[in-house]
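Counting begins at 1 with the first residue of the sequence. The figures here come from the full heavy-atom set of this structure, side chains too, leaving out hydrogens, waters and symmetry mates.
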Amino acid sequence: MLRRRDFLDAAFASAAVGLPLGYAHGVAAILRAAERGGGVGTEEVATVRQLTETFHGADDRLGGGHGLTLANLGKSVATQHRHEEAVALWSRSLDFMDGVTSDRNRRAIRSIRSATAGYRRHRIPGAEALHRRAADLLRARA
């Protein structure tokens with residue numbers, strides 16, 4: 001099941017990285033409509049992609065802090081069976097989380113590691129390296 005709440009959280013967080021507040025409200029309206037209809041269309045996919053790019057740019061401007069948001073977006077796109085894109089989002093989220101110690105980050109990294117275990121078996125590109133990297137981050141925090 002698609003976690004629309006993750007999208008909604010990301011939409012409102014987008015205002016903090018420079019998107020107009022009206023955009024966040026528009027995203028929320030799109031996602032609420034999708035939730036009522038039970039489907040995920042090209043608008044939702046485009047929204048995720050745009051938010052991802054926005055957070056990448058915000059990292060360059062603001063110096064990070066978006067690891068959990070990208071981890072959540074990765075979970076959301078994984079549920080849409082866009083596994084290679086999920087691996088890329090999770091990899092970027094680990095970039096943001098590297099050096100930041102928190103229980104929430106630790107839980108997110110464990111979740112990423114769990115998901116990539118199955119991706120490794122199916123030979124999803126990048127999953128093996130991501131799995132090792134998540135394990136290394138968890139070891140470094142122990």
Side-chain angles (χ1 to χ4, degrees), residues 1-20 23-142:
M1 179 71 188
L2 180 64
R3 297 197 53 188
R4 288 175 184 84
R5 182 69 194 161
D6 293 336
F7 287 122
L8 194 57
D9 290 343
F12 285 105
S14 67
V17 296
L19 289 176
Y23 175 81
H25 289 294
V27 169
I30 289 169
L31 296 174
R32 279 192 297 272
E35 191 169 47
R36 284 191 295 274
V40 176
T42 56
E43 285 184 53
E44 290 79 17
V45 171
T47 298
V48 171
R49 288 189 176 139
Q50 183 175 6
L51 286 171
T52 300
E53 289 305 312
T54 299
F55 284 119
H56 285 197
D59 178 52
D60 295 337
R61 289 191 325 271
L62 305 173
H66 303 295
L68 291 171
T69 300
L70 286 176
N72 287 334
L73 286 172
K75 279 188 232 177
S76 295
V77 299
T79 62
Q80 298 172 26
H81 305 287
R82 295 170 27 219
H83 305 299
E84 290 180 24
E85 191 173 346
V87 167
L89 284 165
W90 285 329
S91 180
R92 187 71 172 152
S93 77
L94 293 184
D95 292 341
F96 293 134
M97 289 184 206
D98 194 9
V100 179
T101 303
S102 77
D103 288 337
R104 290 175 64 196
N105 278 357
R106 191 174 297 108
R107 283 191 302 270
I109 294 169
R110 282 189 195 123
S111 176
I112 290 168
R113 190 162 183 255
S114 175
T116 57
Y119 286 14
R120 289 171 46 208
R121 286 190 299 275
H122 290 43
R123 299 178 196 244
I124 302 296
E128 179 68 37
L130 180 61
H131 188 80
R132 280 194 311 270
R133 188 167 168 219
D136 290 345
L137 283 174
L138 288 171
R139 260 193 307 280
R141 293 162 192 257

- request: Take Asp136 and Arg133 through the salt bridge (charged side-chain N to carboxylate O under 4.0 Å, His left out) test and state the conclusion after the steps.
  value: CA-CA 5 Å; Asp136 290 345; Arg133 188 167 168 219; over 6 Å; no
Indicate every side-chain donor-acceptor pair of residues 107-115 with a distance under 3.5 Å to a residue at least two apart or in another chain.
none

Separation between OG1 (Thr69) and CG (Leu89), nearest 0.5 Å, reads 11.0 Å
Across all chains, not counting sequence neighbours, the ring-ring contact (aromatic ring centres under 6.0 Å, His included) partners of His81 are His83
Applying ring-ring contact (aromatic ring centres under 6.0 Å, His included) to His131 and not counting sequence neighbours gives none
With sequence neighbours left out, the residues meeting salt bridge (Lys or Arg N to Asp or Glu O under 4.0 Å) with Arg132 are Glu128
Value for CD (Glu84) from CD1 (Ile124), rounded to nearest 0.5 Å, stands at 6.0 Å
Using a 3.5 Å distance criterion without hydrogens, assess whether the side chain of Arg104 forms a donor-acceptor pair with backbone atoms of Leu68.
no
Nearest heavy-atom contact between Gly67 and Ser93 is O-CB, 3.2 Å
dist Arg120:CZ -> Leu130:CG (nearest 0.5 Å) comes out at 10.5 Å
Taking Asp95 first and then Arg92, would you say they form a salt bridge - that is, a charged N and a carboxylate O separated by under 4.0 Å?
yes
Separation between NE2 (His122) and OG1 (Thr116), nearest 0.5 Å, reads 13.0 Å
State, with a plain yes or no, whether a side-chain heavy atom of Trp90 is found less than 4.5 Å away from one of Leu70. no
